[in-house]
Student: 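Below you will find the structure I want to go over with you.
One is the number of the first residue; the rest follow in order along the sequence.
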Amino acid sequence: MKPNNFVLLRHKFTKLLSLIRKVHYKYLGMEIGENTILGKIQCSWPNKVSLGCNSFIEDNVVFKITRPFSEDNSLKIGENVFIGQGCEFNITLRMSIGNDCLIASNTTFVDAGRELNSNFNINKQPVIIKEITIEENVWIGTHCVILQGVTIGRGSVIGAGSVVNKPIPEYQIWAGCPARFIKNRN
């Protein structure tokens, strides 16, 4: 079935808006690869974000950089990556996403947390900051939470609604709250 003229016009208009956003964010220092589609995002420190070629970032994605004047602070997203609507990246140190990854909507990444020492009030707890690494060819289901210090190994799958608080080896399927091993991926 051939799309009607309105659908084709809307598609061209969406591509034009993406191009305008890309020019705007490139001017502010964001690195954006060829053929990347950029939805309506929120990013207060674009010079700390790098997007690879042929990636697709849907609307309402938040790139929150909490220590923008730190040299180490960055978010690097590889090539051929899909990031679904409503994802949130809370980056205090560093995060990298490898090539060919799929991240479903409403997933949250947080690379900082608090210790639980009874000698301090909760708001005075020492902060724990550890890098998050998502290796190549990873699929993360919708509504997941990925916490500080996590590495998700190449080819792994994280089930929808999971909370990942420890490293995941290559080619495994994990799910749950907290995420636990389900099976090896064949």
Student: With sequence neighbours excluded, give me every salt bridge (charged side-chain N to carboxylate O under 4.0 Å, His left out) pair touching residues 119-133.
Tutor: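 Qualifying pairs, neighbours excluded: R94-E131.
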Student: Taking atom CG of N5 as the centre, report whether more than 12 heavy atoms of other residues, nucleotides or ligands fall under 6.0 Å from it.
Tutor: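 Open: at most 12 neighbouring heavy atoms sit under 6.0 Å from CG of N5.
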Student: Any chance you could measure R21, atom CZ, to K26, atom NZ, to the nearest 0.5 Å?
Tutor: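 One gets 14.0 Å once the value is rounded to the nearest 0.5 Å.
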Student: Do the side chain of D59 and the main chain of K40 share a donor and acceptor less than 3.5 angstrom apart?
Tutor: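 Checking the backbone N and O of K40 against the side chain of D59, a donor-acceptor pair under 3.5 Å is found.
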Student: Backbone N or O of V127 within a donor-acceptor pair of the R114 side chain at under 3.5 Å?
Tutor: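 No.
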Student: With salt bridge (charged side-chain N to carboxylate O under 4.0 Å, His left out) as the rule and sequence neighbours excluded, what pairs involving residues 96-109 come up?
Tutor: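 Non-adjacent pairs meeting salt bridge (charged side-chain N to carboxylate O under 4.0 Å, His left out): zero.
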Student: Could you check whether atom NZ of K76 has more than 12 heavy atoms from other residues, nucleotides or ligands sitting under 6.0 Å from it?
Tutor: no
Student: Can you tell me which residue pairs pass the salt bridge (charged side-chain N to carboxylate O under 4.0 Å, His left out) test with a partner in residues 140-163, sequence neighbours excluded?
Tutor: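 Sorted result for residues 140-163: E136-R154.
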Student: Is a side-chain N or O of R185 found less than 3.5 angstrom from the main chain of Q172, in a donor-acceptor match?
Tutor: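 No, R185 side chain to Q172 backbone: no donor-acceptor pair under 3.5 Å.
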Student: Mark yes when over 12 heavy atoms from residues, nucleotides or ligands other than N186 sit less than 6.0 Å from its CG; otherwise mark no.
Tutor: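 For N186, atom CG is not crowded (no more than 12 foreign heavy atoms under 6.0 Å).
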Student: What are the two closest non-hydrogen atoms of C144 and G159, and how far apart are they?
Tutor: SG-O, 3.1 Å
Student: The criterion is side chain to side chain contact (heavy atoms under 4.5 Å, CB included); which residues satisfy it with V138, sequence neighbours excluded?
Tutor: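 C101, I134, I140, I152.
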Student: Could you walk me through whether T107 and V145 pass the side-chain contact (heavy atoms from CB on, under 4.5 Å) check?
Tutor: CA-CA 6 Å; T107 293; V145 176; over 6 Å; no
Student: Honestly curious: do I158 and V61 fall in one hydrophobic cluster under the side-chain, below-4.5 Å linking rule?
Tutor: yes
Student: Within a strict 4.5 Å, meaning less than it, do heavy atoms of the M30 and N47 side chains meet?
Tutor: no
Student: Please say which of V164, V150, I103, L75 ends up in a side-chain contact (heavy atoms from CB on, under 4.5 Å) with F109.
Tutor: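 Exactly one pass, corresponding to I103.
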Student: Under the salt bridge (charged side-chain N to carboxylate O under 4.0 Å, His left out) rule, what pairs show up with a residue in residues 167-180, not counting sequence neighbours?
Tutor: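 Matches after skipping sequence neighbours: none remain.
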Student: Nearest 0.5 Å, what's the CD-CD1 distance between E58 and I83?
Tutor: 10.0 Å
Student: Could you check if a side-chain atom of I57 sits within less than 4.5 angstrom of a side-chain atom of I41, using non-hydrogen atoms only?
Tutor: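 Yes, at least one pair of side-chain atoms sits under 4.5 Å.
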Student: Listing request: all ring pair (Phe, Tyr, Trp, His ring centres under 6.0 Å) pairs with a residue in residues 143-167, at least two apart in sequence or in separate chains.
Tutor: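 Qualifying pairs, neighbours excluded: none.
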Student: Identify, with sequence neighbours excluded, every residue that meets side chain to side chain contact (heavy atoms under 4.5 Å, CB included) alongside K166.
Tutor: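 K166 satisfies side chain to side chain contact (heavy atoms under 4.5 Å, CB included) with W174 only.
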Student: Are V49 and I97 grouped together when hydrophobic residues (ILVMFWY) are joined by side-chain heavy atoms under 4.5 angstrom apart?
Tutor: yes
Student: Can you name the closest pair of heavy atoms from P126 and F120 and give their distance?
Tutor: CD-CD1, 4.2 Å
Student: If only atom types and distance count, is the side chain of S162 paired as donor or acceptor with the main-chain N or O of A179 below 3.5 Å?
Tutor: no
Student: My understanding is that only residues two or more places apart in sequence, or in another chain, count here; which of them pass side-chain hydrogen bond (donor to acceptor under 3.5 Å, both in side chains) with N117?
Tutor: N119
Student: Test question: given the 4.5 Å side-chain rule for I, L, V, M, F, W and Y, name all other residues clustered with I37, or answer none.
Tutor: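 Via sub-4.5 Å side-chain contacts, I37 links to F56, F82, L102, W139, V157, I173, I182.
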Student: Please determine whether side-chain contact (heavy atoms from CB on, under 4.5 Å) holds for the pair F13 and L9, giving the CA-CA distance in whole Å, both sets of side-chain angles, and the decisive distance to 0.1 Å.
Tutor: CA-CA 6 Å; F13 185 68; L9 184 62; 5.7 Å; no
Student: Ignoring hydrogens and angles, tell me if any N or O in the side chain of S55 forms a donor-acceptor pair with the backbone of V81 under 3.5 Å.
Tutor: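 Checking the backbone N and O of V81 against the side chain of S55, a donor-acceptor pair under 3.5 Å is found.
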Student: Nearest heavy-atom pair of S18 and T36: which atoms, and what distance?
Tutor: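 That closest heavy-atom pairing would be OG-O, 4.3 Å.
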Student: Does any non-hydrogen side-chain atom of E135 lie less than 4.5 Å from one of T151?
Tutor: yes
Student: Can I get a per-line list of side-chain donor-acceptor pairs under 3.5 Å for residues 86-93, giving both atom names and the distance, sequence neighbours left out?
Tutor:
{"unit_1": "E88", "atom_1": "OE2", "unit_2": "N90", "atom_2": "ND2", "d": "3.0"}
{"unit_1": "T92", "atom_1": "OG1", "unit_2": "T66", "atom_2": "OG1", "d": "2.8"}
{"unit_1": "T92", "atom_1": "OG1", "unit_2": "D111", "atom_2": "OD1", "d": "3.4"}

Student: Just verifying a value: how many Å separate N35 CG and N54 CG, rounded to the nearest 0.5 Å?
Tutor: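 CG of N54 is found 5.0 Å from CG of N35.
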Student: Working to the nearest 0.5 Å, report the span between CD of E115 and CD1 of I122.
Tutor: 11.5 Å
Student: Go through the structure and list residues passing ring pair (Phe, Tyr, Trp, His ring centres under 6.0 Å) with F69, not counting sequence neighbours.
Tutor: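 For F69 the ring pair (Phe, Tyr, Trp, His ring centres under 6.0 Å) partners, ignoring immediate neighbours, are W45.
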Student: Are any non-hydrogen side-chain atoms of I146 and T108 less than 4.5 angstrom apart?
Tutor: no
Student: How long is the gap from NZ on K15 to CG on L38, to the nearest 0.5 Å?
Tutor: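 One gets 14.0 Å once the value is rounded to the nearest 0.5 Å.
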Student: Under the side chain to side chain contact (heavy atoms under 4.5 Å, CB included) rule, collect the residues that match up with P178, sequence neighbours excluded.
Tutor: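 Once residues adjacent in sequence are excluded, the partners of P178 under the side chain to side chain contact (heavy atoms under 4.5 Å, CB included) criterion are N165.
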Student: Hey, what do you get for OG (S44) to NZ (K64), rounding to the nearest 0.5 Å?
Tutor: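 That separation rounds to 9.0 Å.
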Student: Counting distance only, does the side-chain N/O of K48 pair as donor-acceptor with the main-chain N or O of S70 below 3.5 Å?
Tutor: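 Present.
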